[in-house]
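Whatever order the structure lists them in is the order used to number ligands and atoms, beginning at 1.
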Amino acid sequence: MTAAGTIRSHREADVAGKRVLVRVDFNVPLDAGRIRDETRITSALPTLRSLLGRGASLVLVSHLGRPKGKPSKELRLAPVAARLGELLAVDVARSPEVVGLISTTMAEGLEPGGILMLENVRFEPGEEKNAPELARRLATLADLYVDDAFGAAHRAHASTVGIAEHLPAYAGDLLLAEIQALGRLVDDPASPFVAVVGGAKVSDKLAVLQRLVERVDALLIGGAMANTFLLADGKSVGESLVEPAAVDAANAIVDSARQRGVQLLIPTDVVVATSMDSPDGTVVAVDNITGDTAAYDIGPATAERYASVISTARTVFWNGPMGVFEKAPFATGTLAVARAVAAGDAFSVVGGGDSVAAVTEAGVADQISHISTGGGASLEFVEGRALPGVEALRRS
Ligand code: ADP
Ligand code: MG
């Protein structure tokens with residue numbers, strides 16, 4: 001259930017001469033201190049530029065990785081602050097702590113247009129516990145609160161929920177764009193609505209499958225997830241990644257689809273190999289997966305069938321690759337689905353870190369209506385669950 005009250009855009013707030021605490025999701029993938037993908041930084045720039053242009057100074061709060069409530073040298077935000085400074089062409093000051101005397105002094109010294117980045121908020125044990133004291137201390141650093149961290153909105157933490165009790169709270173552009181696009185999938189999606197779900201684990205995505213089957217016209221299953229459905233259908237899956245414990249749940253989804261007249265498709269052919277490091281795979285019908293091989297991709301007949309169903313859609317949601325797309329011999333099915341989603345004129349949403357990478361690799365990212373930056377958060381949203389970080393922004 002969604003609480004009453006409206007979410008205000010930061011663009012409605014008068015921020016001139018004010019200090020604004022912005023919760024961003026700068027949880028970028030790092031490789032020995034180097035940023036491997038800066039999408040999460042660039043996605044926040046519209047909100048940050050707008051606030052700065054309207055005369056605000058900014059106190060930025062983000063988490064990075066999972067430091068579990070204590071400082072960690074590798075998870076400091078220094079490389080992120082440096083890259084943000086380059087992108088905005090301004091100096092980003094950095095506090096060595098989250099809250100405390102240094103952060104307070106630095107925040108109070110900010111001039112309009114100035115930016116201060118606090119240290120990784122998950123260095124504080126109170127963050128993930130949504131400790132009232134941490135929320136209160138964060139709030140003392142600013143006059144207003146703007147949340148643009150959609151990727152963290154499914155977590156009730158001090159910097160995403162607690163703080164909103166203490167300051168006038170607004171949503172950033174990225175967060176608003178996410179809830180608008182994902183909202184179209186939940187509220188009244190144009191039919192036919194086709195969902196494509198794949199990836200590694202069924203158990204991670206059971207809730208979203210159960211929910212989707214209640215609202216889609218077709219549900220196309222791929223990736224390792226498909227192996228569990230194949231097993232449920234009585235096939236042998238050899239050495240394939242599979243979750244026997246989820247067979248009952250898979251059967252329940254198949255039954256639910258049948259009762260509702262939803263077209264639920266699982267692969268009819270797959271690409272198998274003896275190892276995912278094999279230089280190539282063999283296409284076999286799903287009845288012929290031998291004991292020493294594993295399915296690493298959907299086969300060409302399945303890919304064609306899925307593409308043809310996708311081409312009829314007016315709404316598409318895709319989460320989870322169709323195979324081990326990181327390896328060239330097993331990328332074909334995923335790339336075919338990416339191209340099919342891009343080719344149609346349906347309203348299309350792609351979520352999940354690996355699926356988004358696949359769409360980018362296929363070179364079709366600009367033909368997708370909305371690419372979600374929030375993996376877990378977008379799945380929970382599509383499940384129909386209220387996200388604590390979003391609900392905290394509602395005001396009556
Ligand atoms: P997303 O990040 O888009 O939500 P997931 O993290 O659920 O997707 O799943 C992506 C992973 O699933 C990829 O690393 C991919 O290699 C793996 N995968 C997909 N199909 C298979 C398969 N048939 N066997 C083993 N792994 C698979
Ligand atoms: Mg993933």
Numbering the atoms of ligand 1 from 1, which are under 4.0 Å from a heavy atom of Gly352? 1 (P), 2 (O), 3 (O), 4 (O)
Taking atom types as modelled, find out whether Arg23 and His157 have a side-chain donor-acceptor pair closer than 3.5 angstrom. no
Pairing of Arg385 and Glu380 as salt bridge, 4.0 angstrom limit: yes
Does CZ in Arg314 sit with more than 12 non-hydrogen atoms of other residues, nucleotides or ligands closer than 6.0 Å? no
Will you find, in the side chains of Glu119 and Ser95, an N or O donor that is under 3.5 Å from an N or O acceptor? no
Considering distance alone, does some N or O of Ser355 sit under 3.5 Å from an N or O of ligand 1? yes
Closest non-hydrogen atom pair between Leu167 and Asp143, with its separation: CD2-O, 3.7 Å
State whether Glu108 and Arg19 are salt-bridged, where the test is any N-O pair (Lys NZ or Arg NE/NH1/NH2 against Asp/Glu carboxylate O) under 4.0 Å. no
Do the charged groups of Arg34 and Asp31 touch, with an N to O distance under 4.0 Å? no
Does Gly375 come within less than 4.0 angstrom of ligand 1, counting non-hydrogen atoms of the residue? no
Nearest-neighbour protein heavy atom for atom 15 (C) of ligand 1, which is reported as residue plus atom name and distance: Glu326 OE1, 3.5 Å
If you take the nearest heavy atom of each of Ala295, Ala200, Gly351, which one is closest to atom 23 (N) of ligand 1? Ala295
By number and element, which atoms of ligand 1 are closer than 4.0 Å to a non-hydrogen atom of Tyr296? 23 (N)
Taking 2.8 Å as the upper limit, name the protein N, O or S atoms near the Mg ion (ligand 2). Asp354 OD2
Report the nearest protein non-hydrogen atom to atom 21 (C) of ligand 1: residue, atom name, distance rounded to 0.1 Å. Ala224 N, 3.4 Å
Does ligand 1 have an atom that lies less than 4.0 angstrom from a heavy atom of Lys205? yes
Atom 27 (C) of ligand 1: nearest protein contact (heavy atom, Å): Val324 CG2, 3.6 Å
If the cut-off is 4.0 Å to any non-hydrogen atom of Gly223, which atoms of ligand 1 fall inside it? 20 (N), 23 (N)
Using a strict threshold of under 4.0 Å (side-chain N to carboxylate O), is an ion pair present between Glu128 and Arg155? no
May I ask you to check whether Asp297 has an N/O atom sitting below 3.5 Å from an N/O atom of ligand 1? no
Between Glu97 and Arg137, does at least one N-O distance fall below 4.0 Å, as a salt bridge requires? no
Test your reading of the structure: does Pro321 have an N or O sitting under 3.5 Å from an N or O of ligand 1? no
